[in-house]
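Written out below as structure tokens is the structure these notes cover.
What you see below is based on every heavy atom in this structure, not just the backbone, and it leaves out hydrogens, waters and symmetry mates. This one's a predicted model, so the numbers in the text were calculated from it and none came from an experiment.
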Amino acid sequence: MRQYRRVMLGATCRAAGELLRGSGQDLISERSASIGGEYFDSYRKCSSWGRTPVTQAGKDFYREMYSRGMMSGCGDSYGLAPILYGRLRGLEDSFMLTTELAQIRKTDRGFELDVYNQSGHDTLRCEELVDNTLRCVSDPKWGLGNIVSKRLNAAIFAENAEAALKSSIDGAELRPGRNSKEIFLSCPVEASTGWTAAREQVLSIWLKRDGVLKDARIEAIAKEFDFSFKKDFHRFDDGRIFLNCAKFANPIEAIDAGLNLNGTEARH
């Protein structure tokens with residue numbers, strides 16, 4: 001049984017920022033094998049790249065992205081991923097990836113969590129528990145009811161992105177990509193729609209394209225859904241906290257929030 005001050009469910013950009021500043025007594029538990037998937041794997045629309053981070057570490061992320069030419073136009077969120085991963089070197093013991101949450105028990109001193117991963121079963125103890133996941137894995141029913149919108153996005157290769165953006169496609173929206181040969185297709189789906197059905201919906205819509213879009217092709221379909229939520233903060237009866245990891249305009253802002261707040265947001 002492992003003891004922590006705080007367990008954060010969800011290896012999000014905000015959680016990673018908090019870990020970078022943390023006390024070394026915190027753990028991030030994540031069911032996937034990636035970090036920052038709410039931005040890096042969703043092709044979600046990002047904005048406000050010109051906003052200056054509050055923390056010095058946040059400013060360092062900003063400067064590195066700017067020096068690599070990632071801040072123009074709609075910005076290149078995905079280029080930030082390897083930069084963030086590099087900064088997290090040495091903190092591997094503070095992550096528990098590919099880990100499934102099985103059960104949560106409230107205790108006099110906090111919480112006990114039963115989890116399963118490639119190493120088998122483990123029990124975690126913590127004083128504070130923060131759910132920073134998109135689906136609110138600690139209470140999926142509440143999480144489903146908290147969804148305002150859900151989209152599945154795809155990156156599209158188009159020889160002339162400017163001309164392609166003047167087209168329209170029934171059942172989806174088009175927006176600029178990261179360069180002159182890329183656009184993004186954004187398809188709204190029902191909150192309860194699963195991955196397979198959502199992917200089929202995107203492909204069905206794409207097959208009906210015409211005009212300039214006929215010569216375009218799908219580069220990749222996002223590995224994560226693009227969500228928006230009703231509530232950014234919620235405290236459950238047992239003291240657990242839900243924090244909306246996708247409320248920030250861009251991933252640098254999310255990392256900077258974790259670096260700056262270092263848990264104070266969760267004590268509202």
Search all heavy atoms of [X] against all heavy atoms of [Y] and return the closest pair with its distance.
X      : Y      : value
Ala172 : Ile205 : CB-CG2, 4.1 Å
Lys150 : Thr193 : NZ-O, 2.6 Å
Leu174 : Ser167 : CD1-O, 3.7 Å
Arg51  : Ala249 : NH1-CB, 4.4 Å
Ala11  : Glu30  : N-OE1, 2.7 Å
Val189 : Ala198 : CG1-CB, 4.1 Å

With clusters defined by side-chain heavy atoms of hydrophobic residues (ILVMFWY) lying less than 4.5 Å apart, directly or transitively, does [Y] cluster with [X]?
X      : Y      : value
Tyr78  : Ile83  : no
Phe40  : Leu97  : yes
Ile169 : Phe157 : no
Leu243 : Ile35  : yes
Met70  : Tyr66  : yes

- prompt: Cation-pi between Arg14 and Phe248: NZ/CZ under 6.0 Å from ring centre and within 45° of the ring axis?
  reply: no
Please answer whether the main-chain N or O of [Y] pairs with a side-chain N or O of [X] as donor and acceptor at a distance below 3.5 Å.
X      : Y      : answer
Asn132 : Gly10  : no
Asp256 : Thr55  : yes
Gln201 : Pro188 : yes
Glu182 : Gly177 : no

Spacing of [X] atom [atom1] and [Y] atom [atom2] [to the nearest 0.5 Å]:
X      : Y      : atom1 : atom2 : result
Glu64  : Leu84  : CD    : CG    : 11.0 Å
Glu100 : Ser29  : CD    : OG    : 9.0 Å
Ile28  : Glu18  : CD1   : CD    : 8.0 Å
Cys245 : Tyr39  : SG    : OH    : 7.0 Å
Cys46  : Leu80  : SG    : CG    : 9.5 Å
Phe184 : Ile156 : CZ    : CD1   : 9.5 Å

Evaluation steps, side-chain contact (heavy atoms from CB on, under 4.5 Å), between Trp49 and Ile252: CA-CA 8 Å; Trp49 289 103; Ile252 287 184; 4.1 Å; yes
So, do [X] and [Y] sit near enough that their side-chain heavy atoms are less than 4.5 Å apart?
X      : Y      : answer
Ser180 : Glu162 : no
Gln3   : Arg109 : no
Phe242 : Asp139 : no
Arg199 : Val202 : no
Phe229 : Leu134 : yes
Thr52  : Tyr62  : no
Tyr85  : Ser34  : yes
Phe227 : Ser42  : no

In plain terms, say whether [X] and [Y] are close enough for a salt bridge, that is, a side-chain N and a carboxylate O under 4.0 Å apart.
X      : Y      : value
Lys45  : Glu173 : no
Asp131 : Arg240 : no
Arg5   : Glu127 : no

- request: In sequence, state the C-alpha distance, the side-chain angles, and the governing distance for Arg87 and Asp60, and then conclude on side-chain contact (heavy atoms from CB on, under 4.5 Å).
  value: CA-CA 11 Å; Arg87 301 287 175 84; Asp60 291 341; 4.0 Å; yes
message: For Gln118, I'd like to know if atom CD has over 12 heavy atoms of other residues, nucleotides or ligands within 6.0 Å.
response: no
query: Does atom NZ of Lys208 have more than 12 heavy-atom neighbours, drawn from other residues, nucleotides or ligands, at distances under 6.0 Å?
result: no
query: How is the hydrophobic cluster of Leu27 composed, in terms of its other members, when Ile, Leu, Val, Met, Phe, Trp and Tyr link through side-chain heavy atoms under 4.5 Å apart, directly or indirectly?
result: Tyr4, Val7, Leu9, Met96, Leu101, Ile104, Phe111, Leu113, Val115, Leu124, Leu129, Val137
message: For a side-chain contact (heavy atoms from CB on, under 4.5 Å) check, start with the C-alpha distance between Thr123 and Arg105, then their side-chain angles and the critical distance, and finish with the verdict.
response: CA-CA 10 Å; Thr123 300; Arg105 291 180 295 277; 4.0 Å; yes
- prompt: Could you walk me through whether Ile183 and Leu213 pass the side-chain contact (heavy atoms from CB on, under 4.5 Å) check?
  reply: CA-CA 11 Å; Ile183 62 175; Leu213 291 176; 4.1 Å; yes
task: Give the ring-plane orientation class for Trp142 versus His234, where under 30° counts as parallel, over 60° as perpendicular and anything between as tilted.
output: parallel
List the atom pairs, donor and acceptor, that lie under 3.5 Å between side-chain atoms in residues 219-226 and the rest of the protein, sequence neighbours left out.
from: Glu224; atom 1: OE1; to: Arg135; atom 2: NH1; distance (Å): 3.4
from: Glu224; atom 1: OE2; to: Arg135; atom 2: NH1; distance (Å): 3.2
from: Glu224; atom 1: OE2; to: Arg135; atom 2: NH2; distance (Å): 2.8
from: Asp226; atom 1: OD1; to: Arg44; atom 2: NH1; distance (Å): 3.0
from: Asp226; atom 1: OD2; to: Asn153; atom 2: ND2; distance (Å): 3.1

